[in-house]
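Have a look at the structure below before the remarks.
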Amino acid sequence: MVVDIIVVGGGISGMSAAYDAYKSGKSVIVLEARDRVGGRTYTIDTESGGRSDVGGAWINEFTQPNITKLAKEAGIPIIRQSIHGTAVIERTKNKIQTYEDHGTFELEEGMPEEDRLDEKRVVALLDELCELVDIEEPWKCERAEEFDSISFLGWLNSVGASQATKNGMASFIRCLFALELNDVSFLYTLHYFVCGGGYESLASNDSRGGQYQRMREGSMRVSEYIVTKLPKRSVKLSSPVQAVSQEGDICTVVTRAGAIYTSSAIICTIPSPLYSTITWSPMLPIKKRCYGQRSYMGACTKVVMIYDRPWWREAGYSGLGMSLVGPITQTMDTSDGEWKSSDPTLAPRQYSLSCFPMANFAIEYARLPQEERILSIKQHVARLFPSHAAEAMEPYQVLEQQWLNEEFSAGAPVPVLGCGALTAIGEEWRTPHGRIFFAGTEMATKWKGYMDGAVSAGQQAVADVLKVLPVKKALVNGVNGTH
Ligand SMILES: Cc1cc2nc3c(=O)[nH]c(=O)nc-3n(C[C@H](O)[C@H](O)[C@H](O)COP(=O)(O)OP(=O)(O)OC[C@H]3O[C@@H](n4cnc5c(N)ncnc54)[C@H](O)[C@@H]3O)c2cc1C
């Protein structure tokens with residue numbers, strides 16, 4: 001089959017690319033490895049008739065226009081994150097502190113004054129350093145070599161951060177990357193902050209931040225919606241791509257099952273740690289290969305505990321819980337509706353707390369047998385909300401998604417780079433290879449790592465492809481012409 005553009009990967013980035021390409025008059029085929037679209041967004045129907053995301057979930061209509069536009073076009077109601085009530089923090093096992101949830105990641109709450117001041121000092125320093133980082137070419141910024149030669153932990157040590165500040169930042173980085181402080185290059189971290197509008201924007205759950213809203217029907221619905229807008233049979237599920245070759249202007253793609261597709265261009269949207277799972281002919285350029293080799297995903301698990309009643313809301317908790325002890329790093333209320341909304345179309349159909357074992361906690365968690373894993377989550381939720389421990393132990397449905405076990409994601413939520421990689425190979429991070437263009441959220445410079453970045457990267461790749469695809473010959477008044 002010959003088309004203008006083959007899109008490899010049917011996550012949000014690939015589906016957005018396919019939609020834009022189709023709207024630009026190009027014929028397009030999406031080859032998706034899984035038996036569903038959506039990739040790192042994955043929505044499951046709950047027993048109560050609700051919807052629950054076990055992958056990417058949060059958006060912000062004010063700061064993330066690309067994903068919001070698609071969600072609205074798809075007619076998906078957008079609900080606000082519940083931030084009202086009391087949040088809980090566990091710094092030491094069984095010692096639960098509480099504070100009024102203001103919709104921000106406030107690990108300094110309840111700490112001694114000198115620790116609070118130190119955390120403020122470090123966040124202010126981070127904001128200052130973000131100013132130095134060029135969003136398009138971070139490897140060229142002043143002090144790039146220095147920042148890329150140390151991990152985030154190395155930098156915290158270099159500015160004399162207190163242990164309490166390091167603990168707080170470790171918890172934040174576990175939520176952000178599902179990795180530990182010493183796993184990620186400091187330059188990469190700064191660039192990621194800049195792409196997401198800064199520390200406060202990434203860390204907030206109110207109207208300023210990345211965790212402000214969710215889609216009531218789940219994020220996967222966006223990709224499912226795009227399938228309905230494309231011509232029938234444009235999306236080939238269960239079609240993992242095995243080989244990609246290009247000769248002159250012709251690209252050929254072969255799937256594991258041996259199906260062959262030909263096109264004038266390819267948009268590859270798979271996460272970079274998976275580049276090496278495809279045989280490229282000719283081989284990808286050396287820096288592109290090294291980019292794939294040196295980027296990796298974190299250990300990210302999401303466990304959704306679904307209850308018959310929102311007992312935490314009734315008891316005055318917002319549902320936000322944080323722990324430095326594990327296995328859970330963070331809990332969030334992920335009921336699929338708005339609390340006490342007067343709009344019946346926003347009423348919750350399921351009441352849930354999403355629990356995130358992240359980074360090293362997720363690795364230890366994964367080693368347990370399934371029953372013990374779920375028991376450990378129940379017990380931890382009971383520990384975080386001791387006044388309602390009995391209710392916490394009795395979810396009627398539990399959804400568990402361990403992203404490390406996913407062959408076609410290799411972890412989650414986003415590929416990151418360790419020390420030295422960005423300065424050594426960053427310049428080939430987004431460059432095309434002949435007729436092969438690269439998308440996926442990690443190619444975005446705004447909200448890289450997020451659904452919004454996935455959409456914009458897909459759309460950017462189409463814009464780049466359109467610059468090189470031959471202008472089609474069309475019949476104008478019976479004469480061959482161009483338009
Ligand atoms: C638990 C979790 C929480 C998150 N939270 C948020 C959040 O709150 N807000 C937010 O905005 N983002 C969040 N994210 C991140 C967000 O989900 C991703 O940034 C986004 O979905 C990435 O989209 P993508 O299309 O770039 O990549 P993917 O979704 O990874 O799509 C790539 C596609 O390629 C396919 N593929 C892989 N290999 C092959 C192959 N060989 N052949 C064919 N197809 C292949 C995969 O199956 C996949 O469908 C979260 C992610 C996770 C997992």
Side-chain angles (χ1 to χ4, degrees), residues 6-18 30-43 53-60 63-64 66-68 71 81 175-178 196 202 205 209-215 219-220 222-223 235-244 253-257 266-279 297-304 330 332 334 354-358 362 401-404 406-415 438-444 447-458 461:
I6 294 172
V7 175
V8 180
I12 288 188
S13 198
M15 296 311 295
S16 308
V30 179
L31 297 174
E32 165 54 47
R34 290 178 164 100
D35 60 1
R36 61 172 181 86
V37 289
R40 275 171 274 165
T41 58
Y42 184 21
T43 310
D53 277 311
V54 294
W58 282 272
I59 60 170
N60 182 323
T63 59
Q64 301 178 340
N66 303 297
I67 186 68
T68 305
Q81 180 60 27
C175 292
L176 200 64
F177 295 139
L202 290 170
N205 303 348
Q211 290 72 240
Y212 177 48
Q213 293 162 313
R214 283 173 291 120
M215 295 178 231
S219 319
M220 193 171 84
V222 172
S223 299
V235 181
K236 311 283 182 199
L237 298 178
S238 304
S239 302
V241 167
Q242 191 167 48
V244 170
V253 175
V254 184
T255 68
R256 274 191 205 170
I266 290 175
I267 297 178
C268 174
T269 71
I270 68 173
S272 53
L274 297 178
Y275 288 171
S276 63
T277 63
I278 290 178
T279 305
M297 295 270 203
C300 170
T301 296
K302 189 167 178 178
V303 183
V304 186
Q330 192 175 28
M332 298 272 274
T334 47
S354 280
C355 306
F356 294 89
M358 298 293 232
Q401 180 76 358
Q402 294 193 74
W403 286 93
L404 259 190
E406 291 287 307
E407 179 184 3
F408 298 113
S409 296
V414 59
F438 293 85
T441 185
E442 67 199 276
M443 300 297 146
W447 291 103
K448 155 179 162 158
Y450 288 73
M451 294 182 273
D452 195 74
V455 176
S456 62

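Numbering of ligands and ligand atoms starts at 1, following listing order.
At the top of the distance list for atom 44 (N) of ligand 1, counting protein heavy atoms only, stands Ala33 N, 3.1 Å. The nearest protein atom to atom 11 (O) of ligand 1, hydrogens excluded, is given as Met451 N, 2.7 Å; this is a heavy-atom distance. Nearest protein heavy-atom contact of atom 1 (C) of ligand 1 is Cys300 SG, 3.5 Å. The protein non-hydrogen atom at the shortest distance from atom 5 (N) of ligand 1 is Gly56 CA, 3.4 Å. Distance from atom 32 (C) of ligand 1 to its nearest protein heavy atom, with residue and atom name: Thr269 O, 3.6 Å. Looking only at protein heavy atoms, the nearest one to atom 31 (O) of ligand 1 is Gly11 CA, 3.5 Å. At the top of the distance list for atom 2 (C) of ligand 1, counting protein heavy atoms only, stands Gly55 C, 3.6 Å. Of all protein heavy atoms, the one closest to atom 29 (O) of ligand 1 is Arg40 N, 2.8 Å.
Closest of all the heavy-atom pairs between Val222 and Ala71 is CG2-CA, 4.4 Å. Ser272 approaches Pro415 most closely through the heavy-atom pair OG-CB, 3.8 Å. Shortest non-hydrogen contact noted between Ile59 and Gln64 is CA-OE1, 3.1 Å.
Residue Trp58 holds the heavy atom nearest to atom 8 (O) of ligand 1 of all those in Tyr42, Tyr275, Trp58. If you check each of Met15, Gln402, Glu32 against atom 49 (O) of ligand 1, the one with the closest non-hydrogen atom is Glu32. For atom 21 (O) of ligand 1, the candidate residues are Leu274, Thr277, Thr41; the nearest heavy-atom contact is made by Thr41. Comparing Ile278, Val455, Val241, Ile270 against atom 42 (N) of ligand 1, the shortest heavy-atom distance belongs to Val241.
Residue Arg34 approaches ligand 1 through these ligand atoms, each under 4.0 Å from one of its heavy atoms: 46 (C), 47 (O), 48 (C), 49 (O). If you number the atoms of ligand 1 from 1 as listed, the ones under 4.0 Å from a heavy atom of Ala412 come out as 53 (C). Less than 4.0 angstrom separates some heavy atom of Ala454 from each of these atoms of ligand 1: 23 (O), 26 (O). Shown in contact with Gly38 at under 4.0 Å from a heavy atom are these atoms of ligand 1, numbered in order with element: 29 (O). Under a 4.0 Å criterion applied to the non-hydrogen atoms of Thr441, ligand 1 contributes the atoms 19 (O), 22 (C), 26 (O). Interface of Gly39 with ligand 1, defined as ligand atoms under 4.0 Å from a residue heavy atom, comprises 29 (O), 48 (C), 49 (O). Residue Gly9 approaches ligand 1 through these ligand atoms, each under 4.0 Å from one of its heavy atoms: 33 (C), 34 (O), 35 (C), 44 (N). Residue Gly449 has at least one heavy-atom neighbour below 4.0 Å for each of these atoms of ligand 1: 15 (C), 18 (C), 19 (O).
Between the Asp452 side chain and the Ile67 main chain, a donor and an acceptor come within less than 3.5 Å of each other. A donor-acceptor contact shorter than 3.5 Å is absent between the side chain of Trp447 and the backbone of Thr441. Distance alone, capped at 3.5 Å, places no donor-acceptor pair between the Ser409 side chain and the Trp403 backbone.
Within the 4.5 Å cutoff, no side-chain heavy atoms of Thr301 are placed close to those of Leu404. Side-chain contact between Thr269 and Val7 is present, with heavy atoms from C-beta onward closer than 4.5 Å.
Using a 3.5 Å distance cut-off with no hydrogens or angles, the side chains of Gln81 and Trp58 do pair a donor with an acceptor. Side-chain contact annotation: Thr334 with Ser354, donor-acceptor N/O pair under 3.5 Å present. For the residue pair Thr43/Asp53, the side-chain donor-acceptor check at 3.5 Å is satisfied.
Here Arg34 pairs with Glu406 in a salt bridge; the nearest charged N to carboxylate O distance falls below 4.0 Å.
Not close to ligand 1: Val414, with no non-hydrogen atom less than 4.0 angstrom away.
Between Phe438 and Tyr275, the two ring planes are tilted [angle within 30° to 60°].
With a 4.0 Å heavy-atom cut-off, ligand 1 is reached by the side chain of Pro271 but not by its N, CA, C or O.
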